[in-house]
Structure formats: C-alpha cells, structure tokens
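The structure appears below as structure tokens.
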Amino acid sequence: MEVGFLGLGIMGKAMSMNLLKNGFKVTVWNRTLSKCNELVEFGASIGETPAQVVKKCRLTIAMLSDPAAALSVVFDKDGVLEQIGSGKGYIDMSTVDPETSSKISQAITSTGGAFLEAPVSGSKQPAETGQLVILAAGDKGLYEESIPAFDVLGKKSFFLGQVGNGAKMKLVVNMIMGSMMNAFSEGLVLSERSGLNPHDLLDVLDLGGIANPMFRGKGPAMLKSNHSPAFPLKHQQKDMRLALALGDENAVSMPVAAAANESFKKARSMGLGDLDFSAVYEILKMTKD
Ligand SMILES: NC(=O)C1=CN([C@@H]2O[C@H](COP(=O)(O)OP(=O)(O)OC[C@H]3O[C@@H](n4cnc5c(N)ncnc54)[C@H](OP(=O)(O)O)[C@@H]3O)[C@@H](O)[C@H]2O)C=CC1
Ligand SMILES: O=CCCC(=O)O
C-alpha cells in the first residue's frame with residue numbers, strides 16, 4: 001500500500017520508519033526537508049510539498065506539532081487541499097483541538113476526499129515499536145481502509161464516532177497525564193526535602209495501586225535530571241491548554257489541571273519547552289520556602 005506521511009518529528013519519523021519496515025511504500029514530506037533524508041535511506045520517496053505527496057498517494061497521514069501546523073499544511077499554498085479529492089483519504093494523527101479537526105474535515109470532505117482524525121496515546125518508544133493506541137474518529141470507510149497501517153503503528157485502534165471525538169479523548173488522556181506528572185514531581189521533591197531516598201519512593205510506588213509505566217519509565221531518569229525528549233514539554237503544555245479550553249466549553253471545573261498547566265507554562269518560560277515534559281520536575285525542585 002502506498003502511504004504519504006507529512007511531518008517527521010519525534011513521532012512522525014518513528015511511525016513512517018515503522019511503515020517502511022513493514023513493507024509499505026512511503027512518500028514523506030517535512031517542513032525542514034533535510035529530515036527526509038534518513039527515511040530515504042530506508043526506501044522512502046520524497047514529496048517536495050504536501051500537495052505533491054497527496055497527488056501521489058491514495059492515503060496521506062499527518063503528524064504535526066499543533067493546530068497551527070495542522071491547518072497550515074492543509075490550507076496554505078502547496079497544501080493538502082490542492083490535491084485532495086474523491087478517492088483520496090487524509091488522516092491527521094496530530095494532537096489538536098476538536099475545532100481544528102472539524103475545520104480540516106469540512107475542507108477535505110467538501111472536495112470529495114475522506115477525513116479521519118487519529119491522534120495517538122503512547123510516545124517515542126511505542127511509536128518505534130508499533131505499540132501506539134489509536135483514537136480515530138470521522139469517516140468509517142477510511143478507518144476500515146486504514147486498519148492495515150494502524151495495525152503496524154499501534155497495538156489497539158478505537159473508532160470513536162464523529163470528528164472531534166478522537167481529539168477530545170486524546171486531550172482528556174493528556175490532561176490526566178500532565179496532572180499526574182506534576183503530582184509525581186512534587187512527590188519526588190517532597191521525599192528528597194523531607195529526608196527520604198527518592199529511589200525508595202520509586203520502589204514503593206511501583207509495588208502499589210498507583211504503579212504505572214510513566215512513573216516506572218521516567219522516574220530514574222528524572223532523578224538524574226535527564227529529560228531527553230520523548231514527549232516535548234511544549235506539546236504537553238499545548239495539550240493542557242487545549243484540554244482546559246474543552247473544560248471551559250463544557251463548564252467543567254479543573255483546578256488540578258489548571259495548576260499543572262501553570263507549572264508547564266513556567267517551565268516553558270524558563271526555556272525547558274524542548275525537553276521532555278518530565279522537566280517540569282526541575283521547576284518544582286527550584287521552589288524554595
Ligand atoms: N512525542 C510524543 O510522545 C507524542 C506526541 N504527540 C503529538 O504528535 C504531534 C507531533 O509530536 P512530535 O513528533 O513529538 O513533535 P516534534 O516537535 O518532534 O515534531 C513536530 C513536527 O511538526 C512540524 N511542524 C511544526 N510546525 C510546522 C508548520 N508550521 N508547518 C509544517 N510543519 C510544522 C515539524 O517540522 P520541522 O521539522 O520543520 O520543525 C515536525 O515535523 C504533536 O501534536 C504531539 O502533541 C502525540 C503522542 C505522543
Ligand atoms: O501525547 C503524548 C503522549 C505521551 C504518552 O502517552 O506517553
């Protein structure tokens with residue numbers, strides 16, 4: 001199957017590589033075109049623009065940083081809209097808000113093209129090993145057509161109904177995750193400041209009812225202040241912002257998420273946005289009496 005792939009950041013590179021390794025023909029595009037070269041070594045073709053990729057491929061996947069990027073790649077000159085149409089499908093796997101997704105969906109479907117939003121749960125390593133959780137919504141026919149690709153990219157795919165539901169599910173999940181990361185960081189700092197060994201805390205947490213892969217996977221690196229990016233903090237803050245907006249629209253009070261967002265904003269303002277979102281630990285560590 002020939003698949004187009006737009007956006008070769010941390011996630012897009014791993015996902016497109018996975019498709020190539022599993023026998024898909026892949027045509028890639030990235031805003032910084034030089035990032036395509038590594039994929040070419042593994043058999044990918046390059047499209048010079050998003051429009052060129054869509055022209056060549058029946059299915060095109062996008063994995064872009066944020067709503068502005070997702071809209072730009074579709075609506076700007078040489079964008080997806082110039083070549084999408086009947087018989088072609090566009091799958092946006094970026095994490096965006098439901099409004100952005102709906103705007104893209106309306107534009108694509110008005111040309112006769114099919115649209116699916118399919119944000120993912122799981123980070124760099126699950127992307128490399130095909131263990132993502134895919135949260136799809138939109139065109140059911142396109143979803144069914146995409147299952148061979150989703151089976152390579154993920155361990156489980158959900159079809160959640162109308163466009164917007166995938167984006168909402170993803171934002172709820174990441175809102176919980178961002179709040180957990182803040183509580184975890186506060187716990188690590190509190191254990192250290194109160195004279196405990198934080199490594200003992202990691203062991204205790206891992207044996208109890210709140211054990212989870214995030215604490216287990218990131219805890220030891222955090223204690224060494226190693227925040228090599230798997231999920232960049234600037235994207236986590238974007239997701240908190242979008243989740244809080246969803247909370248505003250639905251009159252849901254979210255004081256815990258709002259406080260977590262403030263910590264991520266502070267971390268961004270201190271230049272930590274490109275590090276892993278675990279770097280929020282550093283700003284909580286700095287807080288003194
Ligand atoms: N990393 C993770 O663990 C996860 C991330 N996500 C989500 O997936 C998406 C991608 O994340 P990730 O790969 O980590 O992000 P990166 O920051 O590594 O990559 C972002 C990508 O978006 C491109 N981009 C940014 N702005 C524009 C623009 N204006 N026009 C065109 N392209 C643009 C970048 O191009 P360039 O190379 O030129 O800068 C790059 O290809 C985000 O929505 C994120 O929230 C979802 C699950 C997990
Ligand atoms: O959006 C990023 C999700 C990261 C994760 O699920 O570990």
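Counting convention: from 1, in listed order, for ligands and their atoms alike. Bear in mind that the values here come from a model prediction, so they are computed numbers and not experimental data.
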Lys88 side chain to Lys55 backbone, donor-acceptor under 3.5 Å: yes
Qualifying residues under side chain to side chain contact (heavy atoms under 4.5 Å, CB included), relative to Lys25, sequence neighbours excluded: Glu2
Sidechain-backbone polar pair: Ser269 side chain, Lys266 backbone, donor-acceptor under 3.5 Å: yes
Heavy-atom donor-acceptor pair, Asn30 side chain to Cys36 backbone, under 3.5 Å: no
contact_flag Gln236 ligand 2 heavy-atom lt 4.0 Å: no
Protein heavy atom at shortest distance from atom 7 (O) of ligand 2: Ser123 CB, 3.6 Å
Contact check, His235 vs ligand 2, heavy-atom distance below 4.0 Å: no
Donor-acceptor pair, side chain of Asp276 and main chain of Phe231, under 3.5 angstrom: yes
Which of the ligand 2 atoms, numbered from 1, are nearer than 4.0 Å to a heavy atom of Phe231: 1 (O), 2 (C)
Main-chain N/O of Thr95 paired to Lys238 side chain as donor or acceptor, under 3.5 Å: yes
Where does ligand 1 get N/O contacts under 3.5 Å from the protein, atom by atom?
residue: ligand 1; atom: 1 (N); partner: Ala230; partner atom: O; Å: 2.8
residue: ligand 1; atom: 3 (O); partner: Ser123; partner atom: OG; Å: 2.5
residue: ligand 1; atom: 3 (O); partner: Ala230; partner atom: O; Å: 3.2
residue: ligand 1; atom: 13 (O); partner: Ile10; partner atom: N; Å: 3.1
residue: ligand 1; atom: 13 (O); partner: Met11; partner atom: N; Å: 2.8
residue: ligand 1; atom: 15 (O); partner: His235; partner atom: NE2; Å: 3.1
residue: ligand 1; atom: 17 (O); partner: His235; partner atom: NE2; Å: 2.9
residue: ligand 1; atom: 18 (O); partner: Ile10; partner atom: N; Å: 2.9
residue: ligand 1; atom: 22 (O); partner: Ser65; partner atom: N; Å: 3.2
residue: ligand 1; atom: 26 (N); partner: Arg31; partner atom: NH1; Å: 3.4
residue: ligand 1; atom: 26 (N); partner: Ser65; partner atom: OG; Å: 3.4
residue: ligand 1; atom: 37 (O); partner: Asn30; partner atom: ND2; Å: 2.9
residue: ligand 1; atom: 37 (O); partner: Lys35; partner atom: NZ; Å: 2.6
residue: ligand 1; atom: 38 (O); partner: Arg31; partner atom: NE; Å: 3.1
residue: ligand 1; atom: 38 (O); partner: Thr32; partner atom: N; Å: 3.0
residue: ligand 1; atom: 38 (O); partner: Thr32; partner atom: OG1; Å: 2.5
residue: ligand 1; atom: 39 (O); partner: Arg31; partner atom: NH2; Å: 2.9
residue: ligand 1; atom: 41 (O); partner: Leu8; partner atom: N; Å: 3.2
residue: ligand 1; atom: 41 (O); partner: Gly9; partner atom: N; Å: 3.3
residue: ligand 1; atom: 41 (O); partner: Asn30; partner atom: OD1; Å: 2.7
residue: ligand 1; atom: 43 (O); partner: Leu64; partner atom: O; Å: 2.9
residue: ligand 1; atom: 43 (O); partner: Ser65; partner atom: O; Å: 3.0
residue: ligand 1; atom: 43 (O); partner: Thr95; partner atom: N; Å: 3.1
residue: ligand 1; atom: 43 (O); partner: Lys238; partner atom: NZ; Å: 3.2
residue: ligand 1; atom: 45 (O); partner: Lys238; partner atom: NZ; Å: 2.7

Side-chain touch Phe159/Leu116, heavy atoms, less than 4.5 angstrom: yes
Those atoms of ligand 2 less than 4.0 Å from some heavy atom in Lys170: 1 (O), 2 (C), 3 (C)
Any N/O pair Asn174/ligand 2 closer than 3.5 Å: yes
Test item: Asn250 side-chain N/O and Leu246 main-chain N/O as donor-acceptor pair under 3.5 Å: yes
Of the listed options Ala127, Pro126, Gly217, Gly122, closest to atom 6 (O) of ligand 2 (non-hydrogen atoms): Gly122
Glu145 side chain near Arg58 side chain, heavy-atom distance below 4.5 Å: yes
